[in-house]
Structure formats: C-alpha cells, structure tokens
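Read through the structure below, which is laid out as structure tokens, and then see the notes.
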Amino acid sequence: MTSRRAEAYGRVVRILEGPDAQQLRPDEVARIREAADSLVFCEDVDLDPDARDAADEIADLAVELVESGRWDEDMAESLVSDVLACGPMAFAG
C-alpha cells in the first residue's frame with residue numbers, strides 16, 4: 001500500500017465519521033467501507049473483479065445520494081474520488 005492510498009482511505013474514514021455521514025443509512029456506510037476496503041487491498045484491477053465491482057458500487061451509491069437529496073453533487077463526487085483513490089493507479093486517475 002502506498003501513502004497516497006493510505007491517505008485516501010483516511011479521507012474516506014473521515015467522511016464516514018463526519019457530519020455528512022449522519023445522512024447515510026447503515027447499509028450505505030457498509031457499502032462505502034466495503035468499496036474502500038476492496039480497493040485499498042487491490043493490487044491489480046485487471047485481476048480483481050471485487051475491486052471493479054467496488055468502483056461501480058460507489059458510483060451507483062453517489063448517484064443515489066444525490067438523487068435522494070441527502071448529499072449535494074460536490075460531496076458525492078468527493079466520496080467517489082476518495083474511494084477510487086484507495087485503489088491502484090488505474091482507479092486513481
């Protein structure tokens with residue numbers, strides 16, 4: 001794991017512990033944690049279907065949060081960016 005990935009994981013944890021997390025249901029918190037965990041432990045995106053699924057899952061959740069009106073687009077984009085940055089460079093963009 002690189003320091004970049006560890007820092008991204010820390011940002012995800014801060015989101016989950018911050019005031020914006022109050023608008024998340026427990027299953028949504030679990031989805032975010034699972035996505036971040038899958039990506040942070042991924043070594044090769046091409047060989048890890050769980051990591052690819054995690055990227056899709058976090059994008060879907062972000063859309064759900066915005067469409068429900070619980071999060072604004074900036075917060076949702078920040079979440080997606082931070083979760084994807086937990087993964088290898090292919091996801092970090």
Side-chain angles (χ1 to χ4, degrees):
M1 175 179 322
T2 65
S3 62
R4 176 196 56 81
R5 291 171 77 176
E7 289 170 8
Y9 192 86
R11 290 191 303 272
V12 172
V13 170
R14 283 191 293 282
I15 289 171
L16 294 175
E17 292 175 349
D20 293 308
Q22 295 174 1
Q23 293 140 2
L24 296 172
R25 297 185 309 255
D27 65 297
E28 293 167 336
V29 171
R31 289 167 66 187
I32 294 167
R33 285 190 186 278
E34 288 171 17
D37 288 347
S38 291
L39 289 167
V40 80
F41 293 113
C42 173
E43 292 184 28
D44 186 335
V45 174
D46 294 328
L47 301 176
D48 192 338
D50 290 336
R52 290 190 305 272
D53 290 345
D56 291 340
E57 177 69 19
I58 201 64
D60 291 345
L61 178 58
V63 169
E64 292 171 25
L65 291 170
V66 171
E67 287 180 350
S68 72
R70 291 183 287 149
W71 278 22
D72 64 28
E73 286 186 29
D74 290 339
M75 187 62 203
E77 287 176 12
S78 178
L79 173 68
V80 171
S81 177
D82 288 339
V83 171
L84 293 182
C86 291
M89 291 303 286
F91 278 134

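Note that the structure is predicted; figures quoted are calculated from it, not measured.
Scanning for side-chain hydrogen bond (donor to acceptor under 3.5 Å, both in side chains) contacts around Arg70 gives Glu28, Ser68, with sequence neighbours left out. Here Asp74 pairs with nothing under the salt bridge (charged side-chain N to carboxylate O under 4.0 Å, His left out) rule; sequence neighbours left out. Checked against side-chain hydrogen bond (donor to acceptor under 3.5 Å, both in side chains), Gln23 has the following partners two or more places apart in sequence or in another chain: Trp71.
At a threshold of 4.5 Å between side-chain heavy atoms, the hydrophobic network of Ile, Leu, Val, Met, Phe, Trp and Tyr places Val66 and Val29 in two separate groups.
Here CG of Asp53 is found 10.0 Å from CG of Leu39. Values are rounded to the nearest 0.5 Å.
For the pair Val83 and Ala36, the tightest heavy-atom approach, listed with the atom from each and the gap, is CG1-N, 4.0 Å.
Between Ile32 and Leu24, the closest side-chain pair of non-hydrogen atoms falls below 4.5 Å.
Sorted by first and then second residue, the pairs that involve residues 5-23 and meet salt bridge (charged side-chain N to carboxylate O under 4.0 Å, His left out), not counting sequence neighbours, are Arg11-Asp82.
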With a 3.5 Å cut-off and sequence neighbours excluded, list the donor-acceptor pairs that the side chains of residues 54-62 form with protein atoms.
from, atom 1, to, atom 2, distance (Å)
Glu57, OE2, Arg31, NE, 2.2
Glu57, OE2, Arg31, NH2, 2.8

Distance-only criterion, 3.5 Å: show the donor-acceptor pairs between side-chain atoms of residues 40-48 and protein atoms not counting sequence neighbours.
from, atom 1, to, atom 2, distance (Å)
Asp44, OD1, Asp46, N, 2.9
Asp48, OD1, Asp50, N, 3.1
Asp48, OD1, Ala51, N, 3.1

